[in-house]
Asker: 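Take this structure, written in structure tokens, and hold onto it; I'll ask about it next.
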Amino acid sequence: MNDRPVLIFDSGVGGLTVLREARVLMPDRHFVYVADDAGFPYGAWEEHGLRARIVELFGGLIAEHDPEIAVIACNTASTLVLGDLREAFPETPFVGTVPAIKPAAERTRSGLVSVLATPGTVKRQYTRDLIGEWASKVHVRLVGSERLAGLAENYMRDGFVDEDAVRAEIAPCFYELDGRRTDIVVLACTHYPFLVNRMRKTAPWPVDWIDPAEAIARRALSLLASTDQAAPQRLDLAVFTSKAPAPSMSRLVKGFGLTHVAR
Ligand code: DGL
């Protein structure tokens, strides 16, 4: 029996898209969800400062929660700091979330793919390397959105989203070349799947939207020791680095079955 939690980390509510899938695949595990809401949005951070911040945060999180595994449910963080985390905490297995460029390149029929992400993820060398490695025969457009993560965050907390803003943010993903047009948009920020219905509604033509949450949860499951006994009933926890999240945020995580603990 393994009583150690699965830790899921993001800058805000985006990692809940991964938690949702992880719960389905690992109903017997318990979870600690960490939102670095004091650092949100990660997309706008300068790389050196963000890297140092996340490694330092993990020192405290690992000491406090002793997770069996840590899932970085954030592209902006994973493409920057995964290597540093593995080096700093060799005892903890880390699962990252990186833009799903390989499946998109395998699946596209038109050969035109867009990767929709935060400005941070779009800038990363890691993202460029993924394109070079897996999608050299495909046309990949990187679209950095300043606003979508915030729009998703507000939508989840307050239930409202400005559809015109969503339309404007996704518009650059849609392009045509030699009579062909984009047929896949990679959702390379864990916040975006929460807005996918609005994206479908405001898109100029239908495309496949790739949401990697299930694949990430499967990867995490594959690294966990198997258990034949259910872990004792324990509460799934939510930790906010701001220490005092907005009431709408506390309500939201409660709706996901998480109990907010002050850290
Ligand atoms: N959810 C994060 C990601 O997957 C980023 C949101 C942000 O903090 O800007 O990239």
Side-chain angles (χ1 to χ4, degrees), residues 7-22 33-55 57-58 70-85 94-101 103-104 114-128 130 142-157 161 165-166 169-170 173 185-196 199 209-217 219-220 238-242 245-246 249 252-253 256:
L7 189 147
I8 298 190
F9 179 87
D10 183 35
S11 55
V13 303
L16 294 170
T17 58
V18 176
L19 174 71
R20 191 162 68 177
E21 299 296 334
Y33 185 82
V34 182
D36 182 12
D37 59 334
F40 181 86
Y42 275 1
W45 274 71
E46 167 281 309
E47 294 193 346
H48 180 74
L50 184 58
R51 183 182 267 140
R53 175 184 180 84
I54 296 173
V55 172
L57 271 176
F58 263 90
V71 180
I72 310 300
C74 175
N75 295 260
T76 316
S78 297
T79 51
L80 180 67
V81 77
L82 210 47
D84 303 72
L85 288 170
F94 284 90
V95 174
T97 306
V98 300
I101 287 164
S114 286
V115 176
L116 184 60
T118 66
T121 300
V122 161
K123 275 200 313 246
R124 302 270 189 266
Q125 188 55 42
Y126 195 113
T127 306
R128 315 256 158 179
L130 282 177
L142 293 171
V143 178
S145 167
E146 302 275 350
R147 296 189 62 198
L148 273 176
L151 289 169
E153 193 88 8
N154 292 341
Y155 174 60
M156 290 308 289
R157 286 156 50 169
V161 66
V166 173
E169 293 299 298
I170 67 169
C173 293
V185 176
V186 177
L187 299 176
C189 168
T190 51
H191 280 66
Y192 299 172
F194 285 130
L195 290 178
V196 74
M199 293 181 184
W209 306 87
I210 297 191
D211 169 5
E214 187 190 337
I216 297 155
R219 173 77 186 138
V239 176
F240 296 95
T241 55
S242 69
M249 182 66 125
L252 173 67
V253 295
F256 274 79

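Ligands are counted one by one from 1 in listed order, and the atoms in each one are counted from 1 as well. Below, all heavy atoms of this structure are taken into account, side chains as well, without hydrogens, waters or symmetry copies.
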Asker: Of the non-hydrogen atoms in Leu116 and Glu169, which two are nearest, and what is the gap between them?
Answerer: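 The pair with the smallest heavy-atom distance is CD1-O, 4.2 Å.
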Asker: Is the shortest heavy-atom distance from the side chain of Arg53 to the side chain of Trp45 under 4.5 Å?
Answerer: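 Sidechains of Trp45 and Arg53: in contact.
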Asker: Tell me whether Thr121 has any N or O atom under 3.5 angstrom from an N or O of ligand 1.
Answerer: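 So ligand 1 has no N or O lying under 3.5 Å from an N or O of Thr121.
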Asker: So which protein heavy atom does atom 6 (C) of ligand 1 come closest to, and at what separation?
Answerer: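 Nearest neighbour among protein heavy atoms for atom 6 (C) of ligand 1, to 0.1 Å: Ser11 OG, 3.5 Å.
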Asker: Using a strict 4.0 Å cut-off to heavy atoms of Asp10, name the atoms of ligand 1 that fall inside it.
Answerer: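 Listed by number with element, the hits are 1 (N), 2 (C).
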Asker: With the threshold set at under 4.0 angstrom, would you say Cys74 reaches ligand 1 through any of its heavy atoms?
Answerer: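 For ligand 1, residue contact (heavy atoms, under 4.0 Å) with Cys74 is present.
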Asker: What atoms in ligand 1 come closer than 4.0 Å to a heavy atom of Cys189?
Answerer: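 So the answer, numbered in order with elements, is 1 (N), 2 (C), 3 (C), 4 (O), 5 (C), 6 (C), 10 (O).
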Asker: Check each of Val18, Thr79, Thr76 against atom 10 (O) of ligand 1 and report the one with the nearest heavy atom.
Answerer: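 Considering heavy atoms of Val18, Thr79, Thr76, the nearest to atom 10 (O) of ligand 1 sits in Thr76.
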Asker: Do Thr76 and Thr121 have a side chain donor and acceptor closer than 3.5 Å?
Answerer: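 Yes, a side-chain donor-acceptor pair sits under 3.5 Å.
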Asker: Using ring centroids (six-membered ring only for Trp), state whether Phe9 and Phe58 fall under 6.0 Å.
Answerer: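 Here the rings of Phe9 and Phe58 have centres that are less than 6.0 Å from each other.
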Asker: Are Ser242 and Asp37 close enough, and set up right, to give a side chain to side chain donor-acceptor pair (under 3.5 Å), and what steps lead you there?
Answerer: CA-CA 6 Å; Ser242 69; Asp37 59 334; 2.5 Å; yes
Asker: Under 4.0 Å, heavy-atom basis, I'd like to know which part of Thr118 is in contact with ligand 1: side chain, backbone, both or neither.
Answerer: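 Just the side chain.
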Asker: Could you check which of Leu16, Asn75, Leu50 puts a non-hydrogen atom nearest to atom 3 (C) of ligand 1?
Answerer: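 That would be Asn75.
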Asker: Relative to ligand 1, is Ala149 under 4.0 angstrom through side chain, backbone, both or neither, heavy atoms considered?
Answerer: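 For Ala149, the contact with ligand 1 is made by the side chain alone.
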Asker: Under 4.0 Å from a heavy atom of Phe40: which atoms of ligand 1 are those, numbered in the order shown and with their elements?
Answerer: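 Matching atoms, with element in brackets: 7 (C), 8 (O).
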Asker: CD of Glu146: more than 12 outside heavy atoms within 6.0 angstrom?
Answerer: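 Counting other residues, nucleotides and ligands, CD of Glu146 stays at 12 neighbours or fewer.
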Asker: Working to the nearest 0.5 Å, report the span between CG of Asn154 and CZ of Phe194.
Answerer: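 The CZ atom of Phe194 is 13.0 Å from CG of Asn154, to the nearest 0.5 Å.
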Asker: Please confirm whether His191 and Tyr42 have ring centers closer than 6.0 angstrom.
Answerer: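 No: the rings miss the under 6.0 Å criterion.
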Asker: Look at atom 9 (O) of ligand 1 and say which protein heavy atom is nearest, naming residue and atom and giving the distance to 0.1 Å.
Answerer: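 It is Gly43 N, 3.0 Å.
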